[in-house]
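Computed from a predicted structure; not experimentally measured.
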Amino acid sequence: MTDRPRILLVHGAWVGAWEFAAVVALLRERGWEVDALDLPSTGSTAGLDADAAAVTAALDARPGPVILVGHSYGGLPITQAGDHPAVQHLVYVAAFVLDAGESVQSSLGGSLPELWHVEEGQVSLGPDRATRIAMVSADFPPGTPAEAAEQLADMFRPQSLASLQGEVSSVAWKRRPATYVLTENDVLVPPPFQELLATRAGAEIVRVPTGHAPFQEDPAGFVAVIEAVAAGSADER
């Protein structure tokens with residue numbers, strides 16, 4: 001169909017567009033136009049405003065309706081940039097769905113977790129490689145080879161401290177329909193916290209039995225969720 005929405009994927013902290021590689025391939029095989037965006041705050045000291053500007057630029061780059069998807073920290077820039085006229089529907093995946101004046105740090109009680117190591121304006125997931133591997137491994141399904149956690153942990157880069165302290169200034173979920181993909185086996189963003197945020201935002205909640213990255217753990221299942229959202233968003237027009 002000619003008015004099929006484009007899907008724009010926005011990654012979380014410490015990672016990059018590469019985290020969506022499996023679902024990008026599947027979606028394209030199924031005929032979807034899809035892009036995955038690299039945020040400037042990963043590997044730098046750029047803040048939330050820079051990330052939101054990058055999302056806006058990606059929305060401006062091509063005409064037509066968009067399903068805007070944000071994972072984890074990626075929920076902030078899609079909230080801030082999601083009032084763009086191209087955005088048809090917001091999808092939050094194990095994400096921080098915050099209100100005006102809130103930041104990741106404030107939503108966590110005003111301070112960052114002790115295991116988030118801060119140095120020179122950047123935040124690392126864990127103070128060392130061993131800790132980082134352990135944190136990643138804990139979110140994997142039982143039986144996952146240890147090498148998988150090591151490979152993934154080694155791809156992580158420092159995240160800008162400013163992005164985690166930056167306050168949301170525009171709240172798209174108050175004006176756009178939203179779906180929240182709640183990851184029931186998540187050890188990084190606890191499911192009760194996800195439910196609290198999703199409920200407050202009035203989002204439709206879709207529960208999936210995965211850890212923090214369902215698009216890696218169950219790519220086909222995640223694609224099915226996105227396709228269902230896209231079909232529903234066509235009905236909303």
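- In summary, Glu19 and Arg157 do not engage in a salt bridge, as defined by a charged side-chain N under 4.0 Å from a carboxylate O.
- Between Val97 and Ala201, the shortest heavy-atom contact is CG1-CB, 3.7 Å.
- Asp51 and Gln80 are not linked by any side-chain donor-acceptor pair at a separation below 3.5 angstrom, with hydrogens and angles left out of the test.
- The minimum heavy-atom distance linking Gly82 with Ala172 is given by the pair C-CB, 3.4 Å.
- Using a 4.0 Å cut-off between a side-chain N of Lys or Arg and a carboxylate O of Asp or Glu, Glu195 and Arg207 qualify as a salt bridge.
- With hydrogens and angles left out, the side-chain atoms of Gln165 and Ser103 include no donor and acceptor closer than 3.5 Å.
- Note on residues 54-65: pairs passing side-chain hydrogen bond (donor to acceptor under 3.5 Å, both in side chains), not counting sequence neighbours, are Glu33-Arg62, Asp35-Arg62, Asp60-His84.
- Remark: Tyr92 OH to Leu98 CG distance equals 8.5 Å, nearest 0.5 Å.
- Crowding of Arg30 atom CZ: a count of heavy atoms from other residues, nucleotides or ligands under 6.0 Å not exceeding 12.
- The backbone N or O of Asn185 sits nowhere less than 3.5 Å from a side-chain atom of Thr183 that would complete a donor-acceptor pair.
- With rounding to the nearest 0.5 angstrom, the NE2 atom of His89 is 6.5 Å from the CD1 atom of Ile67.
- Within the 3.5 Å criterion, the main-chain N or O of Gly74 finds no donor-acceptor partner in the side chain of Ser72.
- Glu204 places no side-chain N or O within donor-acceptor distance of the main-chain N or O of Ala178, the cut-off being under 3.5 Å.
- Here the CG-CZ distance, from Leu68 to Arg6, works out to 9.5 Å after rounding to the nearest 0.5 Å.
- Note that CG of Leu164 and CZ of Phe96 are 8.5 Å apart. Values are rounded to the nearest 0.5 Å.
- With values rounded to the nearest 0.5 angstrom, Asp49 atom CG is found 11.0 Å from Ser163 atom OG.
- Between His71 and Phe215, a ring centre-to-centre spacing shorter than 6.0 Å is recorded.
- Side-chain contact, Thr199 with Tyr180: no donor N or O sits under 3.5 Å from an acceptor N or O.
- For the atom pair CD (Gln159) and CH2 (Trp116), the distance works out to 9.0 Å, reported to the nearest 0.5 Å.
- Side-chain atoms of Ser160 do not come within 3.5 Å of backbone N or O of Ser41 as any donor-acceptor pair.
- Salt bridge absent: Asp154 and Arg132 never bring a charged side-chain N and a carboxylate O closer than 4.0 Å.
- With hydrogens and angles left out, the side-chain atoms of His212 and Asp186 include a donor and acceptor closer than 3.5 Å.
- For the pair Trp32 (side chain) and Arg4 (backbone), a donor-acceptor distance under 3.5 Å is absent.
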